[in-house]
2 protein chains.
Amino acid sequence: MLKLSRLTDYAAVVMAQIARHPQVSHAAADLADAVQLPHPTVSKTLKMLVKAGLLESQRGVQGGYRLARPASHITAADIIAAIEGPVAMTECSQAEGECDLAATCGVADNWQRVSLAIRTLLESVTLAHLADTTPIKLPVQLPIQSISLASA
Amino acid sequence: MLKLSRLTDYAAVVMAQIARHPQVSHAAADLADAVQLPHPTVSKTLKMLVKAGLLESQRGVQGGYRLARPASHITAADIIAAIEGPVAMTECSQAEGECDLAATCGVADNWQRVSLAIRTLLESVTLAHLADTTPIKLPVQLPIQSISLASA
DNA sequence: TTATACAGGACTAAAATGGTACCCATTAAC
DNA sequence: GTTAATGGGTACCATTTTAGTCCTGTATAA
């Protein structure tokens, strides 16, 4: 499936919610209510997002969370990395030179290139795009297919 | 991490191995030896690939596996789908209209677009590319960033 | 000083994943 | 026709990952 984890999904939804009201501080409980997800889980997600530097938190009365930087400067890749770690399709496309099977594999290099392409794509999608209720226009069909994959 | 499962990784390696010698039939045991992975696991992977229609199998003495169609007509998306099911980043980008949270989500549409972009990318990478020991040239940096993500 | 709200970590339950084993079906070779 | 090689299918178990919860501590505004 090449699927995002559920927490990552939550993170995106919560981030989008915050992004739609960037001025105010959002308490974890309010956010959980707004997106209809269990409070503790949302809270956990928020903590991870803070740790990754995507959100800033304020303790105490009237505290809460807000974006650490403008939504247009937070990417889908950032959000995914905050919850799941860096975007990488295979073990070896992450930590280089760690794979015992490198000799017999013969695919690693190319997977890494594909991985990079996906990462680049995810870096080009910002939170501002995700939060926008009018769908982003992704004229991908043509441009992506036009990427030359010819070897050499 | 947005990672492929290990079995999918194996599948790609095994497929590439077969693609490099398309004429002969490959016994499961030989393939397992070649790629240095446990026999039963490789065997399991091969069965899935057959079921997905990417490989053809021949039973009996001198039997084995071979590609169901030319390597240039088998895509990375095919291989991933064979093991993990269709490429989709979120639950809802797969089965439409199934998500209870659609009302409060507000992100679904855009995730689906991103998902589609990734799928398209994976469909543009063929087994022939993966099996090629000389790395495929993926000049993604510019083209992908040039995809306009402006809304409307 | 107190109520509010985040921080951090430990813990548990559930699900997915990976790996193995077993027995059956088919087929080529003799 | 018998035999040995080889894939087909299923069931099972161990491990890991994921998700979710809870508890205790700390900061802060009123």
Side-chain angles (χ1 to χ4, degrees), chain A residues 1-14 18 24-68 80 82-85 88 90-91 94 101, chain B residues 1-14 18 24-68 80 82-85 88 90-91 94 101:
Chain A
M1 264 264 277
L2 201 72
K3 186 172 58 177
L4 297 176
S5 87
R6 217 187 300 185
L7 282 185
T8 308
D9 211 346
Y10 296 169
V13 174
V14 169
I18 298 176
V24 300
S25 238
H26 300 261
D30 294 346
L31 287 169
D33 274 357
V35 300
Q36 285 294 303
L37 291 172
H39 296 212
T41 300
V42 168
S43 181
K44 186 181 189 176
T45 307
L46 288 165
K47 288 171 195 169
M48 288 193 260
L49 292 166
V50 169
K51 193 179 256 177
L54 304 186
L55 290 179
E56 283 173 352
S57 62
Q58 171 84 29
R59 292 186 179 189
V61 180
Q62 295 298 323
Y65 296 92
R66 58 181 64 203
L67 299 184
I80 295 171
I83 310 294
E84 314 192 13
T90 58
E91 295 292 346
Q94 193 186 22
L101 304 171
Chain B
M1 265 263 278
L2 201 73
K3 186 171 58 176
L4 296 177
S5 88
R6 220 188 295 185
L7 283 185
T8 307
D9 211 347
Y10 297 168
V13 174
V14 168
I18 297 176
V24 301
S25 238
H26 300 262
D30 294 345
L31 287 169
D33 274 357
V35 301
Q36 286 293 302
L37 292 171
H39 295 212
T41 301
V42 168
S43 181
K44 187 180 189 176
T45 306
L46 288 166
K47 288 171 196 169
M48 289 193 259
L49 292 167
V50 169
K51 194 178 257 179
L54 305 186
L55 291 179
E56 283 173 352
S57 62
Q58 171 83 28
R59 292 188 179 188
V61 181
Q62 295 298 323
Y65 296 91
R66 58 180 63 203
L67 299 183
I80 294 171
I83 309 295
E84 314 192 12
T90 57
E91 296 291 346
Q94 193 186 22
L101 303 171

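Naming: A, B, ... by sequence-line order, numbering from 1 per chain.
Taken residue by residue, residues 50-61 of chain A places heavy atoms nearer than 4.0 Å to DNA chain D at Q58(A), R59(A), G60(A), V61(A).
Backbone-only contact: L7(A) has heavy atoms under 4.0 Å from sugar-phosphate atoms and none from a base. Residue A28(A) is in sugar-phosphate contact alone, with no base atom involved, counting any heavy-atom pair closer than 4.0 Å across all strands shown. As judged by a 4.0 angstrom heavy-atom cut-off over every strand, H26(A) is placed among residues touching the sugar-phosphate backbone only.
Remark: A11(A) pairs with T45(A), L49(A), I79(A), I83(A) by the side-chain contact (heavy atoms from CB on, under 4.5 Å) rule, at least two apart or across chains. Under the side-chain contact (heavy atoms from CB on, under 4.5 Å) criterion, P38(A) pairs with P40(A), T41(A), not counting sequence neighbours. S25(A) pairs by the side-chain contact (heavy atoms from CB on, under 4.5 Å) definition with R66(A), not counting sequence neighbours. In terms of the salt bridge (charged side-chain N to carboxylate O under 4.0 Å, His left out) criterion, K44(B) has no residue partners (sequence neighbours excluded). For K47(B), the side-chain contact (heavy atoms from CB on, under 4.5 Å) partners are S43(B), Y65(B), not counting sequence neighbours. Under the side chain to side chain donor-acceptor pair (under 3.5 Å) criterion, D33(A) pairs with H39(A), not counting sequence neighbours.
Taking CG from L67(B) and CG from L55(B), the interatomic distance works out to 6.0 Å, rounded to the nearest 0.5 Å.
Mapping S43(B) and T8(A) onto DNA chain D by nearest heavy atom places S43(B) closer to the 5' end of the strand. The nearest heavy atom of DNA chain C to K47(B) and to Q62(A) marks one nucleotide each, and the one closer to the 5' end goes with Q62(A).
Taking every heavy atom of both residues into account, A68(A) and G53(A) meet most closely at CB-O, 3.3 Å.
Applying the side-chain hydrogen bond (donor to acceptor under 3.5 Å, both in side chains) rule to pairs touching residues 52-62 of chain A yields nothing, sequence neighbours excluded.
A donor-acceptor pair under 3.5 Å is formed between the side chain of E84(B) and the backbone N or O of L2(A).
A nucleotide of DNA chain D counts as in contact with chain A when one of its atoms lies under 4.0 Å from a heavy atom; the first and last such, 5' to 3', are dA19(D) to dA29(D). First and last contacts of DNA chain C with chain A, using any nucleotide atom under 4.0 Å from a protein heavy atom and ordered 5' to 3', fall at dA3(C) to dG8(C).
Put simply, the side chain of L46(B) does not reach to within 4.5 Å of the side chain of V50(B), judged on heavy atoms.
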